[in-house]
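Here's the structure, in structure tokens; my notes come after.
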There are 2 protein chains.
Amino acid sequence: MGKGKFLGEFEQLVLLAVLRMDGDGYGMSIRREIVGQTGREVSIGAVYATLERLERKGFLASEEGEATPVRGGRARRHFRLQPAGKQALLRSRRMLDSMWDGVDGVGSLEQA
Amino acid sequence: MGKGKFLGEFEQLVLLAVLRMDGDGYGMSIRREIVGQTGREVSIGAVYATLERLERKGFLASEEGEATPVRGGRARRHFRLQPAGKQALLRSRRMLDSMWDGVDGVGSLEQA
DNA sequence: GTCTAATATTCTACAAAATAGAAAATATTG
DNA sequence: CAATATTTTCTATTTTGTAGAATATTAGAC
């Protein structure tokens, strides 16, 4: 039926974090961005697994960062959102928006 | 780390469909609502599996419908959103909103 | 130079969510 | 009762999500 056209929720968060960081995002910082922005606890393994999957699907592209980071440690891999990733993101958002449409303020949701 | 606190994307759609139908939703009609509203193709098995999971989690409650439907067929099971379901829905929405915040209109997304 | 601490990614293993479609149940109509 | 319509349940599988240990790499201390 549907064939891998949709994003999972965590995939959306990761994609959005990458978008927010506009080319400077890499595993660790992407995790920090999500945690900081949403308060959601996120394991680092979850982030990398998802980044890899999104790259495989063509939603993200990555490149090795400068070989000499500030303090030490392994080279960073920077991620950038691809056109297909933007589309997928917008598609997910439209889908949710259309479901929310007409729900708020109609009395269905006060004092949740 | 996080312990089952979050909704998957499809779970959100199902919960929203239930909310929209305000007590009258049952498996088949919930599926129609999602398809109609979002254009997304959805298998009936996916809907029922998700409804059951959401009920198990306490986000939905269900009850047998009237024993005599319009045309024939098995009795309907009507679903209703529970307070915990509303909360979960709002939590997911806030999370996504906070990630989208500042992204649109900044130039990051035109001509996706 | 070697050790230690810091930073980052990769790997392993598993749990939860999503998906499809066949099967079964139940009612209506003729 | 047979044929048909409606709805839910069941079975099986793939995809996503999750955690944390293991590994790699570099800088700085000494």
Side-chain angles (χ1 to χ4, degrees), chain A residues 1-15 17 24-35 38 40-57 59-60 62-79 88 92 95, chain B residues 1-15 17 24-35 38 40-57 59-60 62-79 88 92 95:
Chain A
M1 232 170 162
K3 11 180 153 64
K5 297 174 61 174
F6 301 106
L7 297 169
E9 196 195 31
F10 191 59
E11 288 180 320
Q12 287 181 59
L13 296 182
V14 170
L15 241 28
D24 273 345
Y26 59 98
M28 304 288 283
S29 71
I30 287 167
R31 174 175 171 281
R32 276 193 298 270
E33 176 74 10
I34 296 173
V35 172
T38 67
R40 175 172 181 167
E41 286 190 86
V42 173
S43 78
I44 189 60
V47 172
Y48 280 104
T50 304
L51 282 169
E52 189 186 314
R53 198 185 323 131
L54 290 169
E55 185 169 23
R56 213 166 44 227
K57 291 193 203 168
F59 294 158
L60 290 178
S62 72
E63 54 181 333
E64 282 271 311
E66 73 290 349
T68 314
V70 188
R71 171 61 219 242
R74 200 159 164 168
R76 297 172 175 168
R77 225 169 101 219
H78 290 277
F79 287 85
S92 288
M95 206 162 57
Chain B
M1 233 170 162
K3 14 183 148 69
K5 297 175 61 173
F6 302 105
L7 295 170
E9 197 196 30
F10 191 60
E11 290 181 317
Q12 287 180 59
L13 296 182
V14 170
L15 242 28
D24 273 343
Y26 60 98
M28 304 290 281
S29 71
I30 288 167
R31 174 174 171 281
R32 276 192 298 269
E33 175 76 9
I34 297 174
V35 171
T38 67
R40 174 171 183 166
E41 285 190 87
V42 172
S43 78
I44 189 60
V47 173
Y48 280 103
T50 304
L51 283 169
E52 187 186 314
R53 198 187 322 130
L54 291 169
E55 185 169 22
R56 212 165 46 225
K57 292 193 204 169
F59 294 158
L60 290 179
S62 72
E63 53 182 332
E64 283 272 309
E66 72 290 349
T68 313
V70 188
R71 173 61 217 242
R74 200 158 164 168
R76 298 173 174 167
R77 225 169 99 219
H78 290 277
F79 286 86
S92 287
M95 205 161 58

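Protein chains get the first letters and strands the later ones, always in sequence-line order, with residue 1 at the start of each. Please read these numbers as outputs of a predicted model, since none were measured by experiment.
With sequence neighbours left out, B:A17 forms a side chain to side chain contact (heavy atoms under 4.5 Å, CB included) with A:M99, B:I30, B:E33, B:I34. Every residue meeting the ring pair (Phe, Tyr, Trp, His ring centres under 6.0 Å) condition with B:Y26, not counting sequence neighbours, appears here in chain and number order: B:H78. Not counting sequence neighbours, the partners of B:T50 by the side chain to side chain contact (heavy atoms under 4.5 Å, CB included) test are B:F10, B:E11, B:V14, B:R53, B:L54. Residues passing the side-chain hydrogen bond (donor to acceptor under 3.5 Å, both in side chains) test with B:R31: none are found, sequence neighbours excluded. In terms of the side-chain hydrogen bond (donor to acceptor under 3.5 Å, both in side chains) criterion, residue partners of A:S62 (sequence neighbours excluded) are, by chain and number, A:E55, A:R77.
Using a 4.0 Å cut-off, no side-chain N or O of B:R31 falls inside it from OP1 or OP2 of D:dT7. For D:dT7, one of the phosphate oxygens OP1 or OP2 lies less than 4.0 angstrom from a side-chain nitrogen or oxygen of B:R76.
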Any protein N or O atoms within reach of nucleotides 14-16 of chain C? Criterion: under 3.5 Å, listing atom names and distances.
none

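When each of A:G8 and A:G45 is assigned the nucleotide of DNA chain D bearing its nearest heavy atom, the one mapping closer to the 5' terminus is A:G8. Of the two residues contacting DNA chain D, namely A:F10 and B:R32, the nearest-nucleotide position lying further toward the 5' end is that of B:R32.
Straight-line distance from the CD atom of B:E41 to the P atom of C:dA20: 8 Å, rounded to whole Å.
Listed nucleotides: C:dA8, D:dT18, C:dA18. Nearest to the side chain of B:R40: C:dA18.
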